[in-house]
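See structure below.
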Amino acid sequence: MQRLLVMILGTDSNSYTAARAIHEAYGETPLVLGAGVLLPFVHSRIAKVMTRPGFSKEKATFVELVKEAYEKEANEGDAAFFLVPNEDYLFMLYAAEDQLDFPIVISYPNEALAHIMTEKGKFYKKMNELGLPVPETVRVSPDDYEFLMDDWKATGSIFMKAEDYTRFEAFDLPDRQKGYHVADVEEACHALEHIYQAGYKGDFLVQQFIEGGAGSEYSVTGYCTADGQISMVQARAILSDMRPKWVGNHLILIDSDDEEVFALAQELIQKTDYYGFFNVDLKRDSNTGKLYILECNPRLGRSFEYTSLAGVNMIELAIEAETKGIYQSLRQQHPFAWYDVVPEEVARVHVEEKFLPLLDDPERRAHSGSSLYYEKDLGVLRRYKLQAADWKTNRERFGE
């Protein structure tokens, strides 16, 4: 039986959720490696944190700290089992793989497929090749956007986003948005003109906007084993962030069992020969009822705590598969509600009234919670820090 030394990369909320999943499953405190200690791990008792400036950006520093952590904590023959919070860390891991002189396990798709999933232009092209439904999309650049937009002749509202948001996020544009929802092609051209005249050189993806408000977006988080067994948990977003820089981030997710959503996510995984953790976002058009795939992240998403609330610890499934050869195909076990807004009473003010009875369902309430508020890791100082941060975030989100 293979032994694993878990190494969680990064110290953000996604990384904390991974550490929590390990602690919940095995009562162990995993290694967490990062450039510095971010809020989720301040005063935490469920992880051994090792940091070094430059860890998230410099390959040499990354390799140095990973090797040091392995030498310090591994038993002879242990394989390092990596968990990543984002694609930057995943690609850093792929780049450093040949410099790590010990066994490693990367429960994520191969590097080529991970790039396809991450680079949205390639992703939509791949989905079209596979016959999977995605929004109609045009990729434009500073040199051709006027011609392409005029030639497209789309009707209805449009959603635009930078093809490389990390690059766009680093660009100095005071009114920069994560995504742009505009009325029509003309307004899209005006927005692109403003961005490109400001000096941005990257491509944008311009898409038909899929109509639908609260309850129309779905998240499917899962794990596919080496032999193709797929475990999935499905959630439905009933409250999302509407701030320009954060638009689309889910704030409350509840259980959902739409079989078409499950079937489409499974088809994506199977047709791409996918292995490892995944998070698929989908949306159902409120006018036509058609379901579209919006993206597939080659990792566990920021909200993946909802899978544990549903009774399926995805990281435990992966570890059991790697260490014992136990391959499973599971779905959610009971209703749940995941909150990224704390306290709950603040969230409820912004939830549409039709969803409130669902949140009040006793069984769902019994399996509700937030990623960072882990009852076994809530000392006085950590609780105070989290609550202070939530108060500030709620002011920014809702003005209260």
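A distance of 12.0 Å separates CG in L317 from SG in C224, rounded to the nearest 0.5 Å. Atom CD of E320 sits about 12.5 Å away from atom CD1 of I315, to the nearest 0.5 Å. In this structure, F278 CZ and L113 CG are separated by 12.0 Å, a value rounded to the nearest 0.5 Å. To the nearest 0.5 Å, atoms CG (L291) and CG (L264) are separated by 5.5 Å. Atoms CG and CZ, from D78 and R3 in turn, are 4.5 Å apart once rounded to the nearest 0.5 Å. To the nearest 0.5 angstrom, I116 atom CD1 is 9.0 Å from T272 atom OG1.
Membership of the apolar cluster around F159 extends to F209, as traced through chained side-chain contacts below 4.5 Å between ILVMFWY residues. Under the 4.5 angstrom side-chain criterion for Ile, Leu, Val, Met, Phe, Trp and Tyr, the cluster partners of V138 are V140, Y145, F147, L148, M149, W152, I158, M160, Y165, F168, F171, L173, Y180, V182, V185, L192, I195, Y196, Y200, F204, V206.
Residues that satisfy the side chain to side chain donor-acceptor pair (under 3.5 Å) test with H190, not counting sequence neighbours, are absent from this structure. Contacts of A226 classified as side-chain contact (heavy atoms from CB on, under 4.5 Å), with partners at least two apart in sequence or in another chain: Y275, Y327. Residues meeting the side chain to side chain donor-acceptor pair (under 3.5 Å) test with E68, sequence neighbours left out: R52. Every residue two or more places apart in sequence or in another chain was checked for a side chain to side chain donor-acceptor pair (under 3.5 Å) with S370, and none qualifies. With sequence neighbours excluded, no residue satisfies ring-ring contact (aromatic ring centres under 6.0 Å, His included) with Y373. The side chain to side chain donor-acceptor pair (under 3.5 Å) check on E24 picks up R20, with sequence neighbours excluded.
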message: Walk me through whether D164 and K120 qualify under salt bridge (Lys or Arg N to Asp or Glu O under 4.0 Å).
response: CA-CA 8 Å; D164 184 348; K120 300 309 178 190; over 6 Å; no
- prompt: Under the side-chain contact (heavy atoms from CB on, under 4.5 Å) criterion, do Y108 and V84 qualify, and how do the steps go?
  reply: CA-CA 9 Å; Y108 299 89; V84 304; 3.6 Å; yes
- request: In sequence, state the C-alpha distance, the side-chain angles, and the governing distance for D390 and T393, and then conclude on side-chain hydrogen bond (donor to acceptor under 3.5 Å, both in side chains).
  value: CA-CA 5 Å; D390 285 328; T393 301; 5.1 Å; no
- request: Please test K392 against E396 for salt bridge (Lys or Arg N to Asp or Glu O under 4.0 Å), starting from the C-alpha separation and ending with a verdict.
  value: CA-CA 6 Å; K392 181 176 182 294; E396 294 171 351; 2.7 Å; yes
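Using a distance-only test at 3.5 Å, with no hydrogens or angles considered, no donor-acceptor pair links the side chain of R176 to the main chain of A170. The main-chain N or O of T307 is never found under 3.5 Å from a side-chain atom of N313 such that the two would form a donor-acceptor pair. Between the side chain of N394 and the main chain of V342, a donor-acceptor pair closer than 3.5 Å is present. Between the side chain of Q333 and the backbone N or O of R331 there is at least one donor-acceptor pair closer than 3.5 Å. K283 places a side-chain N or O within donor-acceptor distance of the main-chain N or O of I210, the cut-off being under 3.5 Å. Although no hydrogens or angles enter the test, the distance criterion places a donor-acceptor pair under 3.5 Å between the side chain of K59 and the main chain of A95. Judged by distance alone, with hydrogens and angles left aside, the side-chain atoms of D203 form no donor-acceptor pair with the main-chain N or O of A162 at under 3.5 Å. Here the side chain of K67 pairs a donor or acceptor atom with the backbone of Q99 at under 3.5 angstrom.
Sorted by first and then second residue, the pairs that involve residues 220-236 and meet side chain to side chain donor-acceptor pair (under 3.5 Å), not counting sequence neighbours, are T221-N279, T221-Y306, T225-D227, Q234-S256. Pairs passing the side chain to side chain donor-acceptor pair (under 3.5 Å) check and including a residue from residues 79-93, sequence neighbours excluded, read E87-R299. Among residue pairs with one or both ends in residues 30-45, those qualifying as side chain to side chain donor-acceptor pair (under 3.5 Å) are S44-D377; sequence neighbours excluded. Applying the side chain to side chain donor-acceptor pair (under 3.5 Å) test to every pair with at least one member in residues 351-368, sequence neighbours left out, gives these pairs: D255-R364, H334-H367, E344-R365, R348-D360.
Between the side chains of D12 and S15, at least one donor N or O lies within less than 3.5 Å of an accepting N or O. Remark: the Q208 side chain and the S157 side chain contain no N/O donor-acceptor pair separated by less than 3.5 Å. Using a 3.5 Å distance cut-off with no hydrogens or angles, the side chains of S141 and D144 do pair a donor with an acceptor.
Transitive grouping of hydrophobic side chains (ILVMFWY, heavy atoms separated by less than 4.5 Å) keeps F304 and L294 in distinct clusters. By the rule that hydrophobic residues join a cluster once side-chain heavy atoms approach within less than 4.5 Å of another member, M7 and L93 end up as members of one cluster. Residues F336 and L239 do not share a hydrophobic cluster, defined by chaining ILVMFWY side chains whose heavy atoms lie under 4.5 Å apart. In terms of hydrophobic clustering, with Ile, Leu, Val, Met, Phe, Trp and Tyr side chains grouped at heavy-atom distances under 4.5 Å, Y16 and Y384 are assigned to different clusters. Two different hydrophobic clusters hold I254 and V312 under the rule that ILVMFWY side chains link at heavy-atom gaps under 4.5 Å.
The side-chain contact (heavy atoms from CB on, under 4.5 Å) test with L65 is passed by exactly one of L9, T51, L33: L33.
Under a cut-off of 6.0 angstrom, the local environment of NZ in K178 is crowded, with over 12 non-hydrogen atoms contributed by other residues, nucleotides or ligands. The number of heavy atoms from other shown groups lying within 6.0 Å of CD (E76) does not exceed 12.
Between P298 and A114 the shortest heavy-atom distance is CG-O, 4.1 Å. Of all heavy-atom pairs spanning G202 and P142, the tightest one is O-CD, 3.9 Å. Nearest heavy-atom pair, V134 versus Y124, reported as atom, atom and distance to 0.1 Å: CB-CD2, 3.8 Å. A pairwise comparison of heavy atoms in I238 and A214 identifies O-CB, 3.5 Å as the closest pair. In terms of heavy-atom proximity, P133 sits nearest to K290 at CB-CE, 4.0 Å. Nearest approach of T11 to P40, heavy atoms of both residues: O-CD, 3.8 Å.
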